[in-house]
J.: 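Attaching a single structure in structure tokens format; questions to follow.
Everything numeric here is computed off the predicted structure, so don't read it as measured data.
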Amino acid sequence: MHWVMWIFWSSIGALIIGSYLVDVLTGRKYNLKEQEKSLNQNIAEADSLREVERYTHQNGPF
């Protein structure tokens, strides 16, 4: 059972080291907080804004 512990911790270590290397090699250009929107997200946002504008213009001030 001792070898299972070595396999487990070495795989965890390999994942951490591998993710760090990918981060360094890609120049840290990936930021999870500022992701670009896909074309479908942009289209959906524009469509929802058009629907809101249409609804507010259909109903007059009275």
J.: I'd like to know if Ile7 and Leu15 are part of one continuous hydrophobic network [Ile/Leu/Val/Met/Phe/Trp/Tyr, side-chain heavy atoms within less than 4.5 Å].
T.: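 Looking at the clustering, Ile7 is in a separate group from Leu15.
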
J.: Verify the cluster assignment for Trp6 and Ile12: are they in a single hydrophobic cluster under the rule of side-chain heavy atoms below 4.5 Å apart?
T.: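 Cluster IDs for Trp6 and Ile12 match.
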
J.: When hydrophobic residues are tied together by side-chain contacts of less than 4.5 Å, even through go-betweens, does Leu49 share a cluster with Val52?
T.: no

J.: When you group the ILVMFWY residues by side-chain heavy-atom contacts below 4.5 Å and let the links chain together, are Tyr20 and Ile16 in the same group?
T.: no

